[in-house]
Trainee: 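One structure follows; several queries about it will come next.
Atoms considered below: every heavy atom in the structure, side chains included; atoms not considered: hydrogens, waters and symmetry mates. A note on names: the letters A, B, ... follow the listed sequences, proteins ahead of strands, and every chain is numbered from 1.
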Amino acid sequence: MLDIKLIRNEPDSVREALRRRGAHAEAALDRLLELDVLRRQVLVQVEEKRSLRNAVSEQIAQAKKAKQDASGQIEAMRAVGDEIKVLEARLREIEAALEEELLQVPNLPEPSAPAGSEEDSMVMHHWGTPREFNFTPLDHLDLGQPRDLIDMERGARTSGSRFAYLKGDLVFLQFALVQFALEKLAAKGFRPVVVPVLVRDEAMYGTGFFPTDLQQVYHIEADGLNLVGTSEVPLAAMHMDEILEEADLPVRYVGYSSCFRREAGAAGKDTRGIFRVHQFDKVEMFSFCAPDKSPEEHDFMRSIEEEILQELGLPYRAVNIAAGDLGAPAAKKYDLEAWLPTQDRYREVTSCSNCTDYQARRLKVRAKGEKGGPYLVHTLNGTVVAIGRTIIAIMENHQTEEGLVETPAALRRYLPAGKEFLGA
RNA sequence: GGAGAAGUGGCCGAGCCGGCUGAAGGCGCUCGCCUGCUAAGCGAGUGUAGGAGUGAAUGCUCCUACCGAGGGUUCGAAUCCCUCCUUCUCCGCCA
């Protein structure tokens, strides 16, 4: 959520920033400014009447104490009370409308995020060289199915399309990746957390997924809960309504959870295998940091993501995502895309966003200390390991002519008996 | 799932037969005094949000709201009523 004061004081720069996302900001901003003026007008009226009532009520109390008649004043205040009620109802309507509009405005992109839409995203750099195969490489499904490591048919029978059973060595690979990631992140100061995956609406609104991505979320009507699409949500909401100690910043967490996404609107896209499924597991990092430190924290997180892909031996490229392709809460986002030989292109495996104070304002996460305060912190999130996609990249890049998968050296200490080949 | 109890400021803890209680008291914290050092002692201060006014300005003045959240009753609610959330105890159930 943006600061209404910023919109009030600098409507033109806000408008311009939103245009860089390609957002049709005009109508919404004009309406916001209108509602803001209206709100303050009505607020002043309400407060004046409340002030009057408070003063006279005080007199009534004195009169009663002195055993004098106050029925005239009581009568008058009864009328004032009715007026207040009318004005308060009006104020509530205006504030609700203002809130509703405000919730829909996305974050302002950082100047260093390229303007425009997806095709305007900028490739920053590459690492590694795509492997030359002296045989025709198989994709993850053709590698996994013959050895019963991935079972889409039964996944579909049990749960529908885009669900899978992961079996055998791939299960060991999954937990090796998790343990590898958690140890690395813990060593860098991120506190490991297993999060709730069902959260209230407040957490969804607070992190900015609602109302924008309502249709992407599995909603449990009976209990008013939502299945999270990423542990970013419960990690961010963990400090909702709190004032953190400035000295403790940055507060860093690494979460592990299953993630659930309806993938509405993705019909026909990436339908093969486990690249895009309704349920996957992910290790995610999250940071609450001082407002002036978030760009450097963002780079730090990206460097961790790069380190991991390098240790896994996966060629990738780093992309600075264009403003128009940012999620609503993000001001800037880096994606790392790993090379997939069978698709002959780079595909997203991690994503790292600086949400500046957008989520913090909604969640009311603040800090105080020598710099004063309470002031809003900045929040950042990044994928450490998206298990499914990382498994795909490992399988495809490290496959052998025999249809096995050679494990990255960095993972062997986490695999049974230091397993060198999966599927054997 | 059933039956009870409770949620007050950074923390503890009064108030809860409605009226200078934004909130006693204590602890903590900040500043000052005192003191070989420390401790003790003395004095002052110490919430958040929104708004109006004012100033060149860190600001200042005033108003409003907030005693888990949201409604209601009343001239007036931390105090009464309703709904929800959370915590604790007992029973049941279970991993």
Side-chain angles (χ1 to χ4, degrees), chain A residues 1-9 32-103 194-206 210 220-226 234 237-249 251 257-258 291-292 357 360-377:
Chain A
M1 191 156 67
L2 300 184
D3 187 356
I4 185 66
K5 286 178 185 166
L6 179 71
I7 298 174
R8 185 190 302 157
N9 297 332
L32 272 170
L33 290 167
E34 230 172 79
L35 285 168
D36 178 50
V37 170
L38 200 59
R39 182 186 86 89
R40 282 178 294 147
Q41 283 172 353
V42 176
L43 183 63
V44 168
Q45 293 175 37
V46 171
E47 292 192 343
E48 279 172 354
K49 293 210 187 295
R50 285 208 278 233
S51 183
L52 172 68
R53 184 180 66 184
N54 287 347
V56 176
S57 289
E58 182 58 37
Q59 290 170 19
I60 292 170
Q62 295 302 326
K64 286 210 167 181
K65 202 178 277 179
K67 306 239 195 273
Q68 292 167 348
D69 176 57
S71 56
Q73 285 168 311
I74 290 176
E75 200 54 45
M77 284 312 101
R78 189 170 294 154
V80 170
D82 290 342
E83 293 174 51
I84 290 175
K85 246 169 218 163
V86 172
L87 285 169
E88 279 177 340
R90 177 119 187 276
L91 187 62
R92 269 200 296 273
E93 272 172 41
I94 295 166
E95 287 182 335
L98 187 66
E99 174 86 356
E100 195 188 324
E101 290 288 330
L102 212 45
L103 280 174
V194 173
V195 299
V197 294
L198 283 165
V199 301
R200 293 222 178 92
D201 287 351
E202 290 97 291
M204 298 304 292
Y205 278 103
F210 282 2
I220 314 294
E221 189 62 44
D223 300 283
L225 293 169
N226 305 280
M238 191 159 62
H239 289 304
M240 180 159 47
D241 292 320
E242 290 183 24
I243 298 175
L244 307 174
E245 275 301 321
E246 185 176 278
D248 294 337
L249 300 179
V251 176
S257 79
S258 292
D292 57 324
D357 62 10
R361 182 169 293 107
R362 293 184 175 214
L363 291 165
K364 296 192 187 64
V365 183
R366 295 171 292 172
K368 67 175 179 187
E370 281 181 13
K371 290 178 204 156
Y375 53 86
L376 294 168
V377 300

Trainee: Between R78(A) and D82(A), does at least one N-O distance fall below 4.0 Å, as a salt bridge requires?
Mentor: no

Trainee: Please report the distance separating the C1' of C31(B) from the corresponding atom of C84(B), rounded so that it comes out in whole Å.
Mentor: 45 Å

Trainee: Answer yes or no: is there an ion pair linking R50(A) with E88(A), defined by an N-O contact shorter than 4.0 Å?
Mentor: yes

Trainee: So, using side-chain contact (heavy atoms from CB on, under 4.5 Å) as the criterion, who are the partners of S258(A) when residues are at least two apart?
Mentor: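 Per chain and number, S258(A) pairs via side-chain contact (heavy atoms from CB on, under 4.5 Å) with F260(A), Q279(A), D281(A).
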
Trainee: Whole angstrom is fine here: how far is it from NZ in K368(A) over to P in U46(B)?
Mentor: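 That distance rounds to 14 Å.
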
Trainee: Given atom CG of D82(A) and atom C1' of C75(B), what is their separation to the nearest angstrom?
Mentor: 11 Å

Trainee: According to side-chain contact (heavy atoms from CB on, under 4.5 Å), who are the partners of K64(A), at least two apart in sequence or on a separate chain?
Mentor: I60(A), I74(A)

Trainee: Distance check needed: G76(B) C1' versus K85(A) NZ, whole Å only.
Mentor: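 From K85(A) NZ to G76(B) C1': 12 Å.
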
Trainee: At their closest point, which heavy atom of R361(A) faces which heavy atom of M1(A), and how far apart are they?
Mentor: NH1-O, 2.7 Å

Trainee: Quick check on RNA chain B: between R92(A) and R366(A), whose nearest nucleotide comes earlier from the 5' end?
Mentor: R366(A)

Trainee: Apply the side-chain contact (heavy atoms from CB on, under 4.5 Å) test between E245(A) and each candidate in D248(A), L249(A), I243(A); give the one that qualifies.
Mentor: D248(A)

Trainee: In whole Å, what is the span from the CG atom of D36(A) to the C1' atom of G50(B)?
Mentor: 12 Å

Trainee: What do you reckon, is CZ of R90(A) surrounded by more than 12 foreign heavy atoms closer than 6.0 Å?
Mentor: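 Counting other residues, nucleotides and ligands, CZ of R90(A) stays at 12 neighbours or fewer.
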
Trainee: Check this one for me: any side-chain N or O of R200(A) less than 4.0 Å away from OP1 or OP2 of A69(B)?
Mentor: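 No, R200(A) has no side-chain N/O under 4.0 Å of OP1/OP2 on A69(B).
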
Trainee: Measure CE/M240(A) against P/C85(B) and give the value in whole Å, please.
Mentor: 15 Å

Trainee: Grab the two heavy atoms, one from G206(A) and one from R362(A), that are nearest each other, plus how far apart they are.
Mentor: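 Distance-wise, the nearest heavy atoms are O-CB, 3.4 Å.
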
Trainee: Let me have a per-nucleotide readout for nucleotides 60-67 of chain B, 5' to 3', with B, S or -, counting only protein heavy atoms under 4.0 Å.
Mentor: ---BBS--

Trainee: Hey, does V199(A) have a side-chain heavy atom less than 4.5 Å from the side chain of M204(A)?
Mentor: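 When only atoms from C-beta onward are counted, V199(A) and M204(A) do touch, with a gap below 4.5 Å.
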
Trainee: Kindly say if K5(A) contacts the phosphate of G51(B), meaning a side-chain N or O under 4.0 Å from OP1 or OP2.
Mentor: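 Yes, because at least one side-chain N or O of K5(A) sits under 4.0 Å from OP1 or OP2 of G51(B).
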
Trainee: Nearest-Å distance, CD (E75(A)) to P (G76(B))?
Mentor: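 From E75(A) CD to G76(B) P: 12 Å.
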
Trainee: Kindly express the pairing pattern of RNA chain B in dot-bracket notation, using | wherever a base pairs with another strand and counting only Watson-Crick or G-U pairs under 3.5 Å.
Mentor: ((((((((.[[[..)...(.....]]]((((((.......))))))((((((((....)))))))).[[[[[..)....]]]]])))))))....

Trainee: For R200(A), check side-chain contact (heavy atoms from CB on, under 4.5 Å) against everything at least two apart and list the hits.
Mentor: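 Partners of R200(A) by the side-chain contact (heavy atoms from CB on, under 4.5 Å) criterion, ordered by chain and then number, come out as E202(A), L225(A).
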
Trainee: What is the nucleic acid contact for R361(A), judged by heavy atoms within less than 4.0 Å: base, sugar-phosphate only, or nothing?
Mentor: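 If one applies the 4.0 Å heavy-atom cut-off, R361(A) turns out to touch nothing in the nucleic acid.
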
Trainee: Can you tell me if R78(A) touches the phosphate of C75(B), counting only side-chain N or O atoms and a distance under 4.0 Å to OP1 or OP2?
Mentor: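 Yes, because at least one side-chain N or O of R78(A) sits under 4.0 Å from OP1 or OP2 of C75(B).
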
Trainee: Between U73(B) atom P and I74(A) atom CD1, what is the distance in whole Å?
Mentor: 17 Å

Trainee: Would you say the side chain of I94(A) lies within less than 4.5 Å of the side chain of V42(A), judging by non-hydrogen atoms?
Mentor: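 The answer is yes; the side chains approach within 4.5 Å.
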
Trainee: Within the 4.0 Å limit for protein heavy atoms, which parts of nucleotides 15-24 of chain B are touched? Write it as a string from 5' to 3', B for base, S for sugar-phosphate only, - for none.
Mentor: ----B-----

Trainee: Can you tell me if E58(A) and Q62(A) form a side-chain donor-acceptor pair at under 3.5 Å?
Mentor: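 Result is yes, a qualifying pair exists.
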
Trainee: Measure from CD on E99(A) to P on G50(B) and round the result to the nearest Å.
Mentor: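 For the pair E99(A) CD and G50(B) P, the rounded distance is 13 Å.
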
Trainee: Mind checking the P distance from G76(B) to U89(B)? Whole angstroms is fine.
Mentor: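 Result for the P pair: 41 Å, nearest Å.
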
